Amino acid sequence: TLPVVDGPEIFGMHQNANTTYNTNMSLQLMAKILSLQPRAGGGGAGKSPDEVVLELCELFQSQVPLRLETEDAGPTTFVVQENGLLNSLAIVLT
């Protein structure tokens with residue numbers, strides 16, 4: 001599926017904009033995870049809110065690709081353009 005919000009690299013913005021974008025997306029993700037937690041305590045044998053969040057975090061972590069290292073990348077992956085910026089693929093992968 002397409003993302004809800006376009007990343008700043010689509011618009012050729014500076015790397016700091018990408019950092020801010022990633023920070024905001026992380027905060028939104030954490031807010032959604034916290035909204036899943038039950039608000040009232042119960043005496044049931046179900047999972048605690050911390051266990052639910054931990055399981056979700058482990059699920060998300062298993063779905064995230066491994067970090068792409070420079071030595072494992074192709075010869076044109078981290079090429080800096082004339083304007084001093086990395087191409088969009090490199091910005092998304094770093």
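Not measured: the values here are computed from a predicted model. Counting from 1, the numbers follow the sequence of the chain as shown. Quick note: numbers below take in every heavy atom, side chains included, and nothing from hydrogens, waters or symmetry partners.
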Hey, any chance Val53 and Phe60 share a hydrophobic cluster, counting ILVMFWY side chains that come within less than 4.5 Å of each other, even indirectly?
yes
Enclosure of Gln61 CD (heavy-atom neighbours >12, cutoff 6.0 Å):
no
Can you tell me how far CG of Leu29 sits from CG of Asn24, rounded to the nearest 0.5 angstrom?
12.5 Å
Assigning hydrophobic clusters by single linkage (Ile, Leu, Val, Met, Phe, Trp, Tyr; side-chain heavy-atom cutoff under 4.5 Å), is Val52 placed with Ile33?
yes
For Gln28, enumerate each residue passing the side-chain hydrogen bond (donor to acceptor under 3.5 Å, both in side chains) test, keeping only those at least two apart in sequence or located in another chain.
none
